[in-house]
Structures are given as C-alpha cells and as structure tokens.
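Each remark here refers to the structure printed beneath this line.
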Amino acid sequence: MTAPAPARSRPRTAALDGDTAYRLAATEYARIHAVLRNLSADDWNRSTDCPGWDVAAMAAHVLGMAEMAASVREMARQQRLAGKAGGGIDALTDVQVRMHAGLDGPAIVAALEATTPRAVRGRRRMSRLVGRAKLPEEQVMGDIREYWRIGFLLDVVLTRDVWMHRVDVCRATGRELELTPEHDGVLVADVVAEWAQRHGRPYRLVLTGPAGGRWSSGTGGEELELDAVEFCRVLSGRGSGTGLLAQQVPF
C-alpha cells in the first residue's frame, strides 16, 4: 500500500462565507426532518449505504452530532467517551449511535427537531470564536494528509454530513430526494471547487440534475459527465471512481 503523501502545510479552511454556510445548515436540517418525519415503522430498519447502519442508526448519528454541536459540554462528553473507545471519527459516531439506541423513530425525530436550531446557533457561535484554530487530529483523505481549521468542520463538513445522510435515507427507503439549485446546487458547487483544488489537474465536468452545473479548468484534462448526487456519493467513498473521480472529498 502506498503511504499517504506529506501533510499540507496549511490547515484547510472553509470557502463558504458564514451567512451562506448557516443558511445551508438550517435548510439541510429542515430537509432531513421532513424525510425522517414521513418514514414508516418498517423504514427505520432498512439497511443504508453505510455498512452496519440501518436508517435508525444513521438518524441516531445525525442526532448525536447535532447535540454535540449544540453544547460545548455535550461535545466534551462525547469526545471523552470516544477517546475511551480509541478515539477518531468512527469511535465518535459509534458513541452517538449507542447513546440513542433506545429511541424509536418518532422519538429520534422529535429530539432532532428540538436540537437542530441550537446546533445551528452553536456551530456558528463556535466558528466565530475558535474557527481559525486547528483541529488536533490529522485527517487522511485518500493519499492526502492534512489538518483542518475548526471552521471548516463546523461551517462545511457537518452540513455535508447531514446532506449525504439524507441521500442515504432516501435511497434506503425509496423516498424522493428533494433537490433545488438554491440549496443543493450551492452545496455541490462547493464540493466541486474543493475537489478541483485537491486534484489540481485540468478537467471538464458536467453534473446533471437540479443540483448540477458545468465547471472546467485548463485544457486537455478528463471530461466527465454524471449525475450531481452520484458525483458526491463517489467522492464520499460510497461509489468507486477512477481517474479524477478517485479523489475523495470529506462528507
């Protein structure tokens, strides 16, 4: 196996401005509420694209992450529990799933709806206070090792995480995925910009669907055309990609 490349010298920062970032966050929370609120009892047990997680486990993770963002005390508690389990994102998400394992679907939805307004406020407040500080743990994306500023996690990644899990739930339950240029199109465009910066090579990209668009840089590069949601799924590791589509982006 090839060793990861040397770490980036500068921590990764958010490209989105704060107003846009938290408009997207609030809308995305509202959209996943709408999806989860309309699930049947059987839907909560359906398997998702995340191995080992059914819809209930995925929703429990989304709830746990929102609770963590809403409260500094809860953030410290979850990180302490994750640290006892070995640390890292997998340990943290496992803590979030286990702490809500006793809730049924409607209870998860009710808790999420009560928590997400505080999560948006908490994320924005924390980003203003400590957003330029560096997260202590190194992140590995494919062959890239890097550090992130806290603002990149709060402003960007936590919204992408909810968005991708909304995609996951809709795929698992056969629900129609709500997509609009004003919301999903902005999220996807930010993913494209980061993807292009990460691979740094010429390309021409056409993404189809309501969240799609056209982007290019340089000449003589790969020419790609695919659905916008599938593009993001591939970059997240949920699908396989070759060439420039092998470049991962965090979700």
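Values in this document were obtained by computation on a predicted structure and should not be read as measured data.
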Less than 4.5 Å apart, any side-chain heavy atom of W148 and any of K134?
-> no

Residue pairs passing the side-chain hydrogen bond (donor to acceptor under 3.5 Å, both in side chains) test where at least one lies in residues 208-231, sequence neighbours excluded = E230-R233

Pairwise side-chain hydrogen bond (donor to acceptor under 3.5 Å, both in side chains) hits with a residue in residues 96-108, at least two apart = H61-Q96, E67-H100, Q78-Q96, D94-R98

State plainly whether one hydrophobic cluster holds both L81 and M75, where clusters connect Ile, Leu, Val, Met, Phe, Trp and Tyr through side-chain heavy atoms under 4.5 angstrom apart.
-> no

Going by heavy atoms in the side chains, are I108 and V62 under 4.5 Å from each other?
-> no

Close side-chain approach of R198 to Q248, heavy-atom, < 4.5 Å = no

Do L39 and L63 belong together in a cluster built from hydrophobic side chains that touch within less than 4.5 Å?
-> yes

Answer with yes or no after comparing the ring centroid distance for W163 and Y29 against a 6.0 Å cut-off, counting only values under it.
-> no

Linking I/L/V/M/F/W/Y whenever their side-chain heavy atoms sit closer than 4.5 Å, directly or via other members, would L179 and V206 fall into one cluster?
-> no

Check the pair R12 / Q197 against side chain to side chain donor-acceptor pair (under 3.5 Å), numbers first and verdict last.
-> CA-CA 11 Å; R12 188 167 295 279; Q197 186 277 326; 2.9 Å; yes

From Q247 CD over to L235 CG, what is the distance, rounded to the nearest 0.5 angstrom?
-> 8.0 Å

Only counting residues at least two apart or in another chain, list the ones meeting salt bridge (Lys or Arg N to Asp or Glu O under 4.0 Å) with R166.
-> E28, D184

Any C232 side-chain heavy atom under 4.5 Å of R238 side chain | no

Find the distance between CD (E137) and CG (L92) and round it off to the nearest 0.5 Å.
-> 9.5 Å

Verify the distance criterion only: is there a donor paired with an acceptor across the side chains of R31 and T180 at less than 3.5 Å?
-> yes

CZ/R149 to CZ/R10 distance, rounded to the nearest 0.5 angstrom?
-> 7.0 Å

Hey, what's the ring geometry for Y203 with W195, parallel, tilted or perpendicular (30° and 60° as the breaks)?
-> perpendicular

Counting only N and O atoms by type, is there a donor-acceptor contact under 3.5 Å from the side chain of S127 to the main-chain atoms of R123?
-> no

Is any side-chain heavy atom of F152 less than 4.5 Å from a side-chain heavy atom of V157?
-> yes

Cationic N near anionic O, under 4.0 Å, R46 to D43 = yes

Please determine if D155 and R124 form a salt bridge, counting it only when a charged side-chain N lies under 4.0 Å from a carboxylate O.
-> no

